[in-house]
Novice: 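This is the structure I have questions about; it appears just below.
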Amino acid sequence: MSASLMNTYARLPITFVEGEGATLYDEQGRAYLDAVSGIAVCSLGHAHPEIAHALCEQSKKLIHTSNLYHVVNQQLLADELIRLSGMDKVFFGNSGAEANEGAIKIARKYGNDQGKTNPEILVMENSFHGRTMATLSATGSQKVQEGFHPLVSGFVRVPFDDIAAVEQKIASHPNLVAILVEPVQGEGGVHVPKDGYLKALRALCDQHNLLLMIDEIQTGVGRTGKWFAFQHEDILPDVLSLAKALGNGVPIGACLARGKAAEVLAPGNHGTTFGGNPLACAAGLAVIKTIEHHNFIDYVAKQGEIMISDFKARLAGIEQVKQVRGKGYMIGIQLDRPCGELVKRALDKNLLINVTRGDTIRLLPPFVMSHTQQEQLVSGVCELINEFLTDI
Ligand SMILES: Cc1ncc(COP(=O)(O)O)c(C=O)c1O
């Protein structure tokens, strides 16, 4: 659309100018049901009055000072995140990739401090951790890495959801210092590992003195029906990265650490100008307050199960539908063929959906979606799939 923007995105032919709840409006005033939430960001929907109020009030007082000084909202938000997660300390940045950069730096310094000058981090096939040099090197996708060699070294890869493969790599790689893993792979196609996977990783990390670093940039802040997806398995990570939904659209990232991992970084080791500024943290505080106030965690757990089982029931028996999977409001429907064109077909039905890995419809609805809208979403998507499969 604009020759002045770098050619980094294959954008859809649509511009939104306003939103309310789970609805977005284009320039012509047409309404769309949003089941993408800005890729798991606007969990409280668009123009949420409590978020708008918090941002408005904070912007009248202070937007930014600097990490040269104490920042009240930063401390308040860190306290809230610690209360909810069981972690010990927080470093605030501005995006998911930056939160993971913090995690990678903690792992490397943890290794260096023990005399491991070539520390390695175990990462997963099919994973996604971001687009900076270190995080794209950690990412398990050739498409993301293509054209950016040489990659950052020090990442060792195993298949996702395969504990035996992790055990083998640990045995053959004495320089390993950490495991970095998504609790549910998002960009990779909404893959939910078997129950007990994170618990087994936790046990291996304890046994071999490795840091368990969980990337909850997509799954965190309620998306899977718990504040954090690791809470489904009753474990604690050593490092936890968050971003996306934490600000409901205001850029913010957070790298949380616990125990020995929380003591790794010292003054001068890490920093960022904007990270944890009063405005972004006001958004984070308002998000947490609103989720608690409306009890969205339990709601997402319950309604997510209902939506997933509705999809399963309505798509049962369609041989081209390989699998319906997900947790909470993170839903994947995998077909036996590429289905990227469904995104445009959905637009014609005033519906916003996402397709990832070419063959998987990914739905990330906002928590504020009404029951009627949820029913519209389920029937809209099932109708789309049926039409698509009869047309080809
Ligand atoms: C699991 C995960 N990690 C990291 C990132 C990168 O976050 P950001 O795009 O904010 O840098 C994403 C973004 O999709 C993600 O889903």
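The analysis underlying the following values was restricted to heavy atoms, covering all of them including side chains, and did not include hydrogens, waters or symmetry mates. Order of appearance sets the numbers: ligands from 1, and atoms from 1 within every ligand.
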Novice: Nearest 0.5 angstrom please: Glu187 CD to Ile39 CD1, how far?
Specialist: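 Here the interatomic distance stands at 6.0 Å.
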
Novice: With a 6.0 Å cut-off on the ring centroids, do Phe160 and Tyr197 count as close?
Specialist: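 When the ring centroids of Phe160 and Tyr197 are compared, they turn out to be within the sub-6.0 Å range.
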
Novice: Quick one: pull up SG in Cys281 and CG in Leu77 and give me the separation to the nearest 0.5 Å.
Specialist: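 Reported to 0.5 Å precision, the distance equals 5.0 Å.
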
Novice: What pairs meet the side chain to side chain donor-acceptor pair (under 3.5 Å) rule with one or both residues in residues 121-145, with sequence neighbours excluded?
Specialist: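 Sorted pair list: Glu101-Thr132, Asn126-Gln185, Asn126-Arg357, His129-Asp215, Thr132-Thr135.
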
Novice: Checking Glu375 against Thr372: is there a side-chain donor and acceptor pair closer than 3.5 Å?
Specialist: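 No, no side-chain donor-acceptor pair sits under 3.5 Å.
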
Novice: Taking the side chain as every heavy atom from C-beta outward, state whether Leu363 and Phe311 have any pair of such atoms under 4.5 Å apart.
Specialist: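 Yes. Closest side-chain heavy atoms under 4.5 Å.
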
Novice: Output, or 'none' if empty, a list of ligand 1-protein atom pairs in which both atoms are N or O and the distance is under 3.5 Å, rounded to 0.1 Å.
Specialist:
| from | atom 1 | to | atom 2 | distance (Å) |
| --- | --- | --- | --- | --- |
| ligand 1 | 3 (N) | Phe128 | O | 3.4 |
| ligand 1 | 3 (N) | Asp215 | OD1 | 3.3 |
| ligand 1 | 3 (N) | Asp215 | OD2 | 2.7 |
| ligand 1 | 10 (O) | Gly96 | N | 2.8 |
| ligand 1 | 11 (O) | Ala97 | N | 2.8 |
| ligand 1 | 14 (O) | Lys244 | NZ | 3.2 |
| ligand 1 | 16 (O) | Gln218 | NE2 | 2.8 |

